[in-house]
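To start, the structure itself, in structure tokens.
All chains are named by letter (A, B, ...) in the order of the sequence lines, taking the proteins before the strands, and each is independently numbered beginning at 1.
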2 protein chains.
Amino acid sequence: MVTDTPKRQVTLDEVAERAGVSRSAASRVINNAPHVSRAKREAVLRAVDDLGYVPNATARALATQQVGAVVLAMSGEDPAMFADPFFAEVVVGISSVLEETDLELVLSLATSTRGQARLEQLLRTHQADGVMLMSLHGDDPLATLANKSSVPVVFGGRPLTFEPRYYVDADNRGGARAATEHLVATGRRRIATITGRLDEGAGMARLQGFQDALAVAGQDGGRVAHGDFSEDGGSRAMDELLERYPDLDGVFIASDQMAIGALRALGKSGRSVPGEVGIVGFNDIATARHTAPPLTTVSQPINSLGREMARMLLDLMAGNDPSPLILPTRLVIRESA
Amino acid sequence: MVTDTPKRQVTLDEVAERAGVSRSAASRVINNAPHVSRAKREAVLRAVDDLGYVPNATARALATQQVGAVVLAMSGEDPAMFADPFFAEVVVGISSVLEETDLELVLSLATSTRGQARLEQLLRTHQADGVMLMSLHGDDPLATLANKSSVPVVFGGRPLTFEPRYYVDADNRGGARAATEHLVATGRRRIATITGRLDEGAGMARLQGFQDALAVAGQDGGRVAHGDFSEDGGSRAMDELLERYPDLDGVFIASDQMAIGALRALGKSGRSVPGEVGIVGFNDIATARHTAPPLTTVSQPINSLGREMARMLLDLMAGNDPSPLILPTRLVIRESA
DNA sequence: CTGAAAGCGCTAACAA
DNA sequence: TTGTTAGCGCTTTCAG
């Protein structure tokens, strides 16, 4: 027979009474603070056990002014974007470090204005002990808000408009440079790029990396078409590129999704990959291994990104002053370039 | 100039004082309860505005005994499994309905024993007003625990060991049946299956659907190999199938990931798809459109699954008694069968 | 319609 | 090492 969970909550007072000690003594035991005699400590523990006492987190939060939760907030107009496996992986990373603590993870996908307002409120009302902010677009008001918030905030990725004090980012620029250098090294001479959204830090950084590499190689970095990270966007951008630069022989594409779209467009135009044009993507999504041909791409340490964000936040909450982090990316060479 | 967020929290008392009313009156206004004169109401609202008052959620929670949060818990031994886009999509669905309410979403990935313990505690201590539970394996102790929990619980998918009172599930059995019927209808006569984990409801249901279809068609439903939903598992299972039934001409595979592995194994063995053997997968993951050949598969309404789980939970929390839901699946015919 | 007062369950000075 | 005493900020009877 399992002890049935009692309907009403067992309070600390009841435990104290049962154990024959004061409430504060009981409290000390629960939080294993010092200044409790061994005898009393054991009595309390026994009472806890008998009664099935479990501390009330809310009451504790009210008393300590600490919520016991951190929030991961992502803003953006399109709810569907969160379905990106990228986020799932980040969450797994974060979760794995939080699991070692007593903090809960609350997820806030702020898409609608309503959602944004809630997030804003969350930041103002100390409903969380810390905040992780991801994927801020353009001049997201959230960024400013977060900055003047009194709770610790760490950014995942860097917004365009300012450099946050605390952030962890992937080396997008370096990854893009490596990707482009690979194109150069394999003999491509008329290289173009399809960018991501340029109102996002990652989109811009990848464009810069592309240009860095071509500048160093002494090649023309002017062949650029704008995409939006989506498959269709990639396809459209590729069409545009093909029309403007029919003789291009290499393309660095700022996301694998776009690269998949581009592959389609390339196929329609009758170009062979990697024969006539080599392409390299970014992100190393699962599908990248199954396209035809398999995609050469840049892999990000997504899980680590989440992990490090969480660690940094914890550090911050502990009163330390951690340094920002930039995580290395890695070129994964497959067959498309 | 933006009003600076004051460091200390503005309390209701301060608002009341500023507005020249009692605290209870102020409280009523905030929660727009009746019995407040128009004049007072406006005075309070003005004070709120002037002071930048925002209610303290924790205090409110303590007073009302309502946390203002629901948790989405997923248990399972492998942290990586949460990286599955499936979960991301479910979360998006849930989030979209929660956004209309004032509830926060806390995410609990209980992988380690530590994590499980925390979840357990969460359930016992009323740290949430409701719980959504997903992907329970075998005889997960969580299931029992959740069942005798005093907070409303809705299941995503059905565990094997018992039929929960409240759940929303996809029609796995029906989907598998449709998939298999398609194989039959396209002339396959020696059809096998690769199952998922059979200690999961979905895995078992898909096997049953397979058998249903073959029984109706009067064919042999005995060609089965066991997989674990993973790509490698699918590949291994396909090898096994090929060895045992070299003449098979169709395979229903309980997940696209496994189907991808199977495709690889089939290629190695020199079989053509769909020429010599037709295959159909399950889930319609993004990659399914890009395999060679593109995968015929069963699509689940994942977003709706999340959505309906949230709705059902809300309903439950409102004191109603909703009926379980089974969401239809849909066969997506591409080129692999 | 209005306000006083009694909690919600826990923590943390402070005094003993 | 102990226990007493105030709170934390909000809600909610219950009289008026």
Side-chain angles (χ1 to χ4, degrees), chain A residues 6-45 47-48 51-69 102 121 124-129 150, chain B residues 6-45 47-48 51-69 102 121 124-129 150:
Chain A
K7 224 47 187 173
R8 220 183 59 67
Q9 155 126 35
V10 178
T11 72
L12 226 202
D13 297 74
E14 285 161 21
V15 171
E17 170 160 83
R18 167 76 162 242
V21 305
S22 71
R23 175 154 31 86
S24 34
S27 172
R28 285 181 189 116
V29 172
I30 300 297
N31 302 298
N32 44 59
H35 306 307
V36 186
S37 71
R38 200 190 148 87
K40 279 204 199 303
R41 167 157 271 132
E42 280 169 358
V44 171
L45 258 19
V48 163
L51 269 35
Y53 168 76
V54 191
N56 177 316
T58 305
R60 179 177 290 178
L62 183 57
T64 58
Q65 303 284 60
Q66 298 212 335
V67 183
D102 278 308
Q121 168 150 330
R124 310 240 315 277
T125 69
H126 257 279
Q127 281 196 60
D129 300 321
S150 52
Chain B
K7 224 50 185 171
R8 221 183 58 66
Q9 155 127 35
V10 178
T11 72
L12 225 203
D13 298 75
E14 285 160 21
V15 170
E17 171 160 84
R18 167 77 161 241
V21 304
S22 70
R23 175 152 32 85
S24 31
S27 173
R28 286 181 188 114
V29 173
I30 300 296
N31 303 299
N32 46 60
H35 305 309
V36 184
S37 70
R38 200 190 148 86
K40 279 202 198 303
R41 169 157 270 131
E42 280 169 357
V44 171
L45 258 19
V48 163
L51 268 35
Y53 169 76
V54 190
N56 177 316
T58 306
R60 178 178 290 177
L62 183 57
T64 58
Q65 303 286 61
Q66 298 212 337
V67 184
D102 278 307
Q121 168 149 330
R124 309 236 316 279
T125 68
H126 256 281
Q127 281 197 59
D129 302 319
S150 52

message: Quick check on D/dT11: is either OP1 or OP2 less than 4.0 Å from any side-chain nitrogen or oxygen of B/Asn31?
response: yes
message: From the set D/dC10, C/dT2, C/dC10, return the single nucleotide nearest to any side-chain atom of B/Val36.
response: C/dT2
message: If I take atom CZ in residue A/Arg41 and atom C1' in nucleotide D/dT2, what distance separates them, rounded to the nearest angstrom?
response: 13 Å
- request: Could you work out which one of D/dT11, C/dA12, C/dT2 sits closest to the side chain of B/Ser37?
  value: C/dT2
query: Under 4.0 angstrom, heavy atoms only, what part of the nucleic acid is B/Pro55 near: base, sugar-phosphate, or nothing?
result: sugar-phosphate
- prompt: Atom CD of A/Glu14 and atom C1' of C/dC8: how far apart are they, to the nearest Å?
  reply: 13 Å
Euclidean distance, atom CD of residue A/Glu17 to atom P of C/dG9 [Å, nearest integer]: 15 Å
field: Heavy-atom pair of closest approach, residues B/Arg41 and B/Ala33
entry: NH2-O, 2.8 Å
- prompt: What is the distance, rounded to the nearest whole Å, between atom NE2 of A/His35 and atom C1' of C/dA12?
  reply: 12 Å
Residues B/Glu42, B/Arg38: salt bridge by 4.0 Å N-O rule: yes
message: When you measure only distances, ignoring hydrogens and angles, does the side chain of A/Arg23 come within 3.5 Å of the base of C/dG9 through a donor and an acceptor?
response: no
- prompt: Quick one: which of C/dG9, C/dG3, C/dT2 gets closest to the side chain of A/Ala63?
  reply: C/dG9
query: For the pair made of CG in B/Asn56 and C1' in D/dG9, what is the distance, rounded to whole Å?
result: 6 Å
query: What is the distance from atom CZ of A/Arg60 to atom CG of A/Asn31, rounded to the nearest 0.5 Å?
result: 5.0 Å
- request: Report the residue from A/Val44, A/Val15, A/Val48 that forms a side-chain contact (heavy atoms from CB on, under 4.5 Å) with A/Val29.
  value: A/Val44
Residue whose nearest DNA chain C nucleotide is more 5′ - B/Leu62 or B/Ser22: B/Ser22
message: What contact category does B/Ser27 fall into here, base, sugar-phosphate, or nothing, at under 4.0 angstrom with non-hydrogen atoms?
response: base
- line: Value for CG (A/Asp129) from OG1 (A/Thr64), rounded to nearest 0.5 Å, stands at 8.0 Å
query: Can you check the A/Leu12 CG to D/dC8 P distance for me, whole Å?
result: 20 Å
Contact under 4.0 Å: B/Ser24 side-chain N or O vs C/dA4 OP1/OP2: no
query: B/Arg60 CZ to C/dG9 P: how many Å, rounded?
result: 18 Å
task: On DNA chain D, check which nucleotide each of B/Val54 and A/Arg28 is closest to and give me the residue with the more 5' one.
output: A/Arg28
- line: Heavy-atom nearest nucleotide on DNA chain C taken for B/Ala25 and for A/Ile30; more 5' hit belongs to B/Ala25
task: Would you mind reading off the distance between B/Asp13 atom CG and D/dG7 atom P, rounded to a whole angstrom?
output: 13 Å
message: Does C/dG9 have OP1 or OP2 under 4.0 Å away from a side-chain N or O of B/Gln65?
response: yes
